[in-house]
Novice: 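Have a look at this one.
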Amino acid sequence: WFSVSLKPVLNDVSNPQYLMHFHDLSETKKTDKIRSDFIANASHELRTPLASLMGFIETLAGPARNDEAARDRFLKIMQDQAGRMSRLIDDLLTLSRFETAWGQSSFGEVDLKSVLTHVTNALSPMADQNGATIKLSFNEGLVDPLQLRGNRDEIIQLFENLVENAIKYGKDDGRIGVEVNEDSTGQNFIIGVHDNGPGISEEHLPRLVERFYRVDVDTSRDKQGTGLGLSIVKHIIQRHKGRLNVKSKLGHGTSFLVTLPKIQPK
Ligand code: ADP
């Protein structure tokens with residue numbers, strides 16, 4: 001796709017000359033397509049729980065009006081569906097915030113140790129419920145304080161999403177490891193979130209960070225997934241000039257490796 005515009009280059013009426021400009025619109029078209037796909041996907045994802053809610057409201061207002069047992073059961077399902085919509089809206093808002101506001105005004109020094117301790121403590125009740133354990137460890141060679149430049153809330157959300165996935169998609173009595181290392185240059189932290197769950201087959205790995213991409217849609221719904229968690233992770237890492245790598249082996253587990261630039265200790 002191109003747009004063409006003409007600009008006069010000389011003011012000589014007897015010998016008019018124009019410069020023809022070609023503007024390549026393929027990038028704009030691509031962005032438009034991504035945006036409209038996103039809106040279509042988001043509407044579809046929201047419509048599913050909404051349709052279910054409307055169905056139950058109708059049933060409760062009509063045939064099940066006086067059926068106490070059915071009412072309790074339906075209310076529980078309605079609560080789950082409303083919770084799902086609420087999570088979707090939260091994730092959609094987070095994503096759109098990242099995609100529109102690229103400013104880094106709220107960046108400061110973030111202490112990685114304190115962030116990861118916060119995340120693992122906050123998620124240990126969820127791990128307990130699944131019979132899983134989370135172990136946080138730091139390579140002995142690292143020199144305190146472990147600091148990076150960024151937004152604390154975003155870094156918390158990044159690791160919450162990864163550890164939550166390790167709990168959700170890992171084994172019931174799984175072992176989850178959060179390990180902090182530095183790379184060979186000493187310029188970057190490498191934070192690994194490992195689980196010993198069922199793993200992800202290779203063909204899915206490159207697509208995991210796409211919005212709404214889920215390896216197994218039914219399992220993910222059961223586990224209260226929106227398919228947006230890893231795209232949020234990708235955006236946060238990009239904003240912090242880092243990198244994400246995923247390694248997985250079917251039947252053995254998955255490792256998400258996050259590389260984030262360090263602030264060098266003085
Ligand atoms: P969701 O909200 O569905 O969890 P994510 O974007 O966080 O969405 O993850 C996308 C998909 O990647 C999940 O639906 C799941 O199929 C898969 N996935 C993510 N983390 C893991 C993991 N640790 N082990 C196995 N599969 C995973």
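For ligands, and for the atoms within them, numbers begin at 1 and follow the listed sequence.
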Novice: Are the side chains of Ile155 and Leu260 in contact, using a 4.5 Å heavy-atom criterion?
Specialist: yes
Novice: Side-chain polar contacts of residues 176-183 - donor-acceptor pairs under 3.5 angstrom, sequence neighbours left out - could you list them?
Specialist:
{"from": "Asn181", "atom 1": "OD1", "to": "Asn139", "atom 2": "ND2", "distance (Å)": "2.6"}
{"from": "Glu182", "atom 1": "OE1", "to": "Lys262", "atom 2": "NZ", "distance (Å)": "2.4"}
{"from": "Asp183", "atom 1": "OD1", "to": "Thr185", "atom 2": "N", "distance (Å)": "3.3"}
{"from": "Asp183", "atom 1": "OD1", "to": "Thr185", "atom 2": "OG1", "distance (Å)": "2.8"}
{"from": "Asp183", "atom 1": "OD1", "to": "Gly186", "atom 2": "N", "distance (Å)": "3.1"}
{"from": "Asp183", "atom 1": "OD1", "to": "Gln187", "atom 2": "N", "distance (Å)": "3.4"}
{"from": "Asp183", "atom 1": "OD1", "to": "Asn188", "atom 2": "N", "distance (Å)": "3.4"}
{"from": "Asp183", "atom 1": "OD2", "to": "Thr185", "atom 2": "OG1", "distance (Å)": "3.2"}
{"from": "Asp183", "atom 1": "OD2", "to": "Asn188", "atom 2": "ND2", "distance (Å)": "2.7"}

Novice: Going by the atom numbers of ligand 1, which of them fall below 4.0 Å from some non-hydrogen atom of Thr254?
Specialist: 24 (N)
Novice: Just to check, does Gly227 reach to within less than 4.0 Å of ligand 1 when the distance is taken from its heavy atoms?
Specialist: yes
Novice: Under 3.5 Å, N or O to N or O, is Tyr213 touching ligand 1 that way?
Specialist: no
Novice: Any luck finding a side-chain donor-acceptor pair between Thr59 and Arg65 under 3.5 Å?
Specialist: no
Novice: Among the heavy atoms of Lys168, does any lie under 4.0 Å from an atom of ligand 1?
Specialist: yes
Novice: Does an N or O from Asp195, backbone or side chain, lie closer than 3.5 Å to an N or O of ligand 1?
Specialist: yes
Novice: Below 4.5 Å, heavy atoms only, C-beta onward: do Met78 and Leu60 meet side chain to side chain?
Specialist: yes
Novice: Of the backbone atoms (N, CA, C, O) and the side-chain heavy atoms from C-beta on, which set of Ile200 has a member under 4.0 Å from an atom of ligand 1: side chain, backbone, both, or neither?
Specialist: side chain
Novice: Just by modelled atom types, is the Ala82 backbone N or O under 3.5 Å from a matching donor or acceptor in the Ser86 side chain?
Specialist: no
Novice: Find all atoms of ligand 1 within a distance of less than 4.0 Å from any non-hydrogen atom belonging to Thr226, and give their numbers and elements.
Specialist: 1 (P), 2 (O), 3 (O)
Novice: Are Leu75 and Arg71 side-chain neighbours, meaning at least one heavy-atom pair lies under 4.5 Å?
Specialist: yes
Novice: Does an N or O anywhere in Leu230 fall below 3.5 Å from an N or O of ligand 1?
Specialist: yes
Novice: Ligand 1 versus Val233, non-hydrogen atoms closer than 4.0 Å: side chain, backbone, both, neither?
Specialist: neither
Novice: Report the relative orientation of the aromatic rings in His240 and Phe107; use parallel for angles under 30°, tilted for 30 to 60°, perpendicular for over 60°.
Specialist: parallel
Novice: With atoms numbered from 1 as shown, which atoms in ligand 1 lie under 4.0 angstrom from a non-hydrogen atom of Arg214?
Specialist: 3 (O), 14 (O)
Novice: With distance as the sole test, does Asn196 use its side chain to make a donor-acceptor pair with the main-chain N or O of Arg175 at under 3.5 Å?
Specialist: yes
Novice: Return the option from Asn165, Asn196, Leu88 holding the heavy atom at the smallest distance from atom 7 (O) of ligand 1.
Specialist: Asn165
Novice: Pick one of side chain, backbone, both or neither for how His204 approaches ligand 1, counting any non-hydrogen atom pair under 4.0 Å.
Specialist: neither
Novice: Can you name the nearest heavy-atom pair linking Leu53 to Met85, along with the distance?
Specialist: CD1-SD, 3.9 Å
Novice: Please check whether Leu208 reaches ligand 1 - meaning an N/O of the residue sits under 3.5 Å from an N/O of the ligand, judged on distance alone.
Specialist: no
Novice: Report, in ascending order of atom number, the atoms of ligand 1 lying under 4.0 Å from any heavy atom of Gly225.
Specialist: 1 (P), 2 (O), 3 (O)
